[in-house]
Asker: 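Quick one: structure below, then a few questions.
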Amino acid sequence: MAIESSCDDTSVAVIHHRKILSNIVATQEIHRQFGGVVPELASRAHQKNIIPTVDAALKKANISLSDLDAIAFTQGPGLMGSLLVGVSFAKGLALALGIPLIAVNHMKGHVLAHFIDNQDRQGKVLKFPFLCLTVSGGHTQIVHVKSPQTMENIGITIDDAAGEAFDKIAKIMGLPYPGGPEIDRLAKGGDPLKYQFTKPKVEGYNFSFSGLKTGVLYFLRKEIQKDPDFISKNLPDLCASIQHTIITILLDKFEAVAKEYGITQLAIAGGVSANSELRTRLVDLGKNNNWDIFIPKFEYTTDNAAMIAITAYFDYENKVFVGQDVVPNARLKT
Ligand code: KG4
Ligand code: ZN
């Protein structure tokens, strides 16, 4: 059984070999009214949700606690208060049941979600090594995935993450949190080339998104002075243009890395991998370059415990366990 509590979703999954028997996600609605995650409220909600979520996951998997062979949990990266709830609960349960504990890196979990159920949906099976663009609310990474245990970051963001850029720009436009899915939805009727925003100039394969956020803010301020209803009148075009800019920044670098490294298997992961433009443009890029593209199932893109369970499964096979002295690490590196 795996527990994920790094941010604002309490999730519990049960895995049997590579098959997910249950994957329950309790989303914390409380943060919506604040336009972002409030850490203290998140940890309190995790405390409230964890037992019912464990119960629901066991029930759905049709097993009881005594059937479990190991307990896995997200050690980091994430919010310290949130992580503490999952880590403490997992430690207590493992101790009570006398079974091993497995500590999982959340970012590795996003990447390894591709191995759930031996996914082979595009008629292909993903093999090591491959490249993964991991794009979430907290991270933006191009990862060289050499094995379940060995992953190397080729590029990372030097400021905001891609999901954070979606969320912050959405907030500027008065859209609800999380802004990524809202922008994606509203962009559908819009013209992606209507507004041009300056793309960052960052050396090598690193990313930067905070300049884009400021650029959008100044542009909107100027336009609102001329017409106070500018945003509402042009919302689809604005969303489509902003989304197009973010996805172009991501894909330009991902393509360049694939060409330099000569790797022909490309995967995406993390909450932003749910984005429809990212998905379609990456598939087109694959067709043009003869690359195999791997896109996770929708339910395994945003935070979930199934991805923690599959990562733990690899460790379980290799008997990589941790002791009761394990602690959460808010800044755990890949
Ligand atoms: O992986 P995730 O659930 O949590 C973190 O570990 O951060 O990612 C959440 C992020 C949020 O920033 C959200 O706006 C973004 O993923 N997101 C999207 C979409 N769905 C979720 N961004 C763009 N388009 C989407 N369809
Ligand atoms: Zn995540």
Side-chain angles (χ1 to χ4, degrees), residues 2-11 13 23 25-28 31-32 35-37 39 42 73-79 82-83 86 104-114 132-141 143 156-157 160-173 175-188 190 192 207 209 212-213 239-251 267-282 295-308 310-311 330-332 334:
I3 296 167
E4 153 63 33
S5 72
S6 66
C7 190
D8 60 339
D9 293 308
T10 318
S11 182
N23 179 38
V25 184
T27 302
Q28 304 178 358
H31 308 288
R32 269 185 172 263
V37 178
F73 61 89
T74 302
Q75 186 183 15
L79 301 170
S82 294
L83 290 166
V104 173
N105 181 309
H106 180 87
M107 301 314 295
K108 284 190 175 166
H110 274 301
V111 174
L112 297 176
H114 282 279
C132 187
L133 174 69
T134 313
V135 269
S136 71
H139 294 266
T140 304
Q141 307 173 330
V143 192
I156 56 167
T157 180
D160 291 352
E164 201 175 354
F166 272 107
D167 296 341
K168 286 182 174 170
I169 293 172
K171 194 172 180 179
I172 293 170
M173 294 196 294
L175 299 175
Y177 174 86
E182 286 293 319
I183 291 185
D184 192 355
R185 187 176 60 80
L186 291 161
K188 291 208 163 44
F207 297 98
F209 287 101
L212 174 66
K213 172 194 64 195
C239 288
S241 301
I242 288 157
Q243 174 171 280
H244 190 71
T245 309
I246 296 175
I247 303 305
T248 304
I249 294 168
L250 291 171
L251 287 181
I268 49 173
V272 181
S273 70
N275 184 268
S276 54
E277 182 175 338
L278 176 59
R279 289 175 167 232
T280 29
R281 285 180 59 193
L282 184 61
I295 291 172
K297 265 190 193 165
F298 198 74
E299 71 243 54
Y300 302 139
T301 55
T302 48
D303 290 348
N304 65 87
M307 70 187 202
I308 305 303
I310 187 75
T311 309
R331 296 184 177 277
L332 190 63
T334 311

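For the numbers below, each heavy atom of this structure counts, side chains included, while hydrogens, waters and symmetry mates do not. The model shown is predicted, which means the values in this text are computed figures rather than measured ones. Numbers for residues simply follow the sequence, beginning at 1. In each ligand, atom 1 is the first atom listed, and ligand 1 is the first ligand listed.
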Asker: Students should be able to answer this: which protein heavy-atom is nearest to atom 2 (P) of ligand 1, and at what distance?
Answerer: Asp303 OD1, 3.4 Å

Asker: Got an N/O contact under 3.5 Å between Asn275 and ligand 1?
Answerer: yes

Asker: I need the nearest protein heavy-atom contact for atom 17 (N) of ligand 1: residue, atom name and distance, please.
Answerer: Gly271 O, 3.5 Å

Asker: Mind checking whether Thr334 and Gln141 have side chains closer than 4.5 Å, heavy atoms only?
Answerer: yes

Asker: Examine ligand 1 and decide if any of its atoms is less than 4.0 Å from a heavy atom belonging to Cys7.
Answerer: no

Asker: Please identify which atoms of ligand 1 are closer than 4.0 Å to at least one heavy atom of Val272.
Answerer: 15 (C), 16 (O), 18 (C), 22 (N)

Asker: With atoms numbered from 1 as shown, which atoms in ligand 1 lie under 4.0 angstrom from a non-hydrogen atom of Pro178?
Answerer: 14 (O)

Asker: Does one side chain, of Gln28 or Asp9, offer a donor that lies under 3.5 Å from an acceptor on the other?
Answerer: no

Asker: Considering both backbone and side-chain atoms of Asp167, is one of its nitrogen or oxygen atoms within less than 3.5 Å of a nitrogen or oxygen in ligand 1?
Answerer: yes

Asker: Considering only heavy atoms of Thr302, which atoms of ligand 1 have at least one such atom less than 4.0 Å away?
Answerer: 3 (O)

Asker: Hey, which atoms in ligand 1 end up nearer than 4.0 Å to a heavy atom of Ser136?
Answerer: 1 (O), 5 (C), 6 (O), 7 (O), 8 (O)

Asker: Working to the nearest 0.5 angstrom, can you tell me the gap between Phe209 CZ and Glu164 CD?
Answerer: 10.5 Å

Asker: Any side-chain donor-acceptor pair under 3.5 Å between Ser11 and Asn304?
Answerer: no

Asker: Determine whether the side chains of Arg281 and Thr248 contain a donor N or O and an acceptor N or O closer than 3.5 Å.
Answerer: yes

Asker: Going by the atom numbers of ligand 1, which of them fall below 4.0 Å from some non-hydrogen atom of Gly138?
Answerer: 7 (O)

Asker: Nearest 0.5 angstrom please: Leu250 CG to Leu133 CG, how far?
Answerer: 5.5 Å

Asker: Heavy-atom pairs closer than 4.0 Å: do any link ligand 1 to the side chain of His106, the backbone, both, or neither?
Answerer: side chain

Asker: Can you tell me how far the CG atom of Asp160 sits from the CZ atom of Phe207, to the nearest 0.5 Å?
Answerer: 13.5 Å

Asker: If you measure from CG on Asn105 to CG on Leu332, what distance do you get to the nearest 0.5 Å?
Answerer: 4.5 Å

Asker: Looking at Gly179, is its backbone amide N or carbonyl O close enough to the side chain of Glu182 to form a donor-acceptor pair, meaning the two atoms are under 3.5 Å apart?
Answerer: no

Asker: Look only at interatomic distance and state if Gly163 has a nitrogen or oxygen under 3.5 Å from any nitrogen or oxygen of ligand 1.
Answerer: yes

Asker: Please report whether ligand 1 has a polar contact with Gly180, defined as an N or O pair separated by less than 3.5 Å (distance criterion only).
Answerer: yes

Asker: Counting both backbone and side chain atoms, is some N or O of Asp184 under 3.5 Å from an N or O of ligand 1?
Answerer: yes

Asker: Look up atom CE in Met307 and atom OG1 in Thr301, then write down how far apart they are to the nearest 0.5 Å.
Answerer: 9.5 Å

Asker: Using a 4.0 Å heavy-atom cut-off, which part of His110 comes near ligand 1: side chain, backbone, both, or neither?
Answerer: side chain

Asker: Step by step, work out the side-chain contact (heavy atoms from CB on, under 4.5 Å) result for Phe166 and Asp184.
Answerer: CA-CA 9 Å; Phe166 272 107; Asp184 192 355; over 6 Å; no

Asker: Note the single closest protein heavy atom to atom 9 (C) of ligand 1, along with its residue, its atom name and the distance in Å.
Answerer: Gly137 N, 3.7 Å

Asker: Decide yes or no on side-chain hydrogen bond (donor to acceptor under 3.5 Å, both in side chains) for His106 and Ser6, but give the supporting numbers first.
Answerer: CA-CA 8 Å; His106 180 87; Ser6 66; 3.3 Å; yes

Asker: Here's a test for you: under side-chain contact (heavy atoms from CB on, under 4.5 Å), which of Val111, Leu112, Ile268 qualifies with Cys132?
Answerer: Val111

Asker: How long is the gap from OG1 on Thr311 to CE on Met107, to the nearest 0.5 Å?
Answerer: 11.5 Å

Asker: Closer than 2.8 Å to the Zn ion (ligand 2): how many protein N, O or S atoms are there?
Answerer: 3

